[in-house]
Peer 1: 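If you scroll down you'll find the structure; I have some questions about it.
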Amino acid sequence: MSDSDESQPAKTVDAKQGAMVGFGLLGAAAAVFILCSLVQGAFGSSMFDTSYRDPGIVGTILINLTFWPGWIGTVGLAVFGAFALWATYSKD
């Protein structure tokens with residue numbers, strides 16, 4: 001047996017794990033966005049609109065905690081997920 005024959009199963013396992021991490025991060029990005037959208041919608045706002053009517057102190061805090069942090073978390077997780085998938089599938 002040559003070295004390439006022995007490393008083939010290890011490469012397959014690494015590729016599966018890398019793909020699972022990448023898809024997991026993309027799923028987490030979607031979950032963060034959905035959660036933040038639900039909070040925003042509950043108080044009459046949107047993830048796509050920076051203006052909102054006054055929902056009271058609790059609503060204002062929740063809207064501000066879910067808008068920019070929600071976008072940063074969503075984009076960050078999606079970028080890392082896409083990078084993990086790219087790194088996994090671009091290997092020889």
Peer 1: To the nearest 0.5 Å, how far apart are CE in M20 and CG in L85?
Peer 2: 12.0 Å
Peer 1: Flag yes if F48 and W68 sit in one hydrophobic cluster, no otherwise; membership is Ile, Leu, Val, Met, Phe, Trp, Tyr, and two members link when side-chain heavy atoms are under 4.5 Å apart.
Peer 2: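 Yes, F48 and W68 fall within the same hydrophobic cluster.
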Peer 1: So which atom in A84 and which in T88 form the shortest heavy-atom distance, rounded to 0.1 Å?
Peer 2: O-OG1, 2.8 Å
Peer 1: What distance separates I63 CD1 from C36 SG, expressed to the nearest 0.5 Å?
Peer 2: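 It is 12.0 Å, given to the nearest 0.5 Å.
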Peer 1: Over 60° means perpendicular and under 30° means parallel, so tell me whether F67 and W71 are parallel, tilted or perpendicular.
Peer 2: perpendicular
Peer 1: Is there a path from I61 to Y52 through hydrophobic residues (I, L, V, M, F, W, Y) whose side chains come within less than 4.5 Å of each other?
Peer 2: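 Looking at the clustering, Y52 is in the same group as I61.
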Peer 1: With sequence neighbours left out, what residues match L62 under side chain to side chain contact (heavy atoms under 4.5 Å, CB included)?
Peer 2: V39, F43, V58
Peer 1: To the nearest 0.5 angstrom, please state how far the CE atom of M47 sits from the CG atom of L35.
Peer 2: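 Going from CE on M47 over to CG on L35, the span is 9.5 Å.
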Peer 1: Hey, could you give me the OG1/CG distance between T50 and N64, rounded to the nearest 0.5 Å?
Peer 2: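 Here the rounded value is 10.5 Å.
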Peer 1: Identify every side-chain donor-acceptor pair in residues 72-82 under 3.5 Å, counting partners at least two apart or on other chains, and give the distances.
Peer 2:
{"unit_1": "T74", "atom_1": "OG1", "unit_2": "G70", "atom_2": "O", "d": "2.7"}

Peer 1: Between S45 (side chain) and G41 (backbone), is there a donor-acceptor pair under 3.5 Å?
Peer 2: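 Absent.
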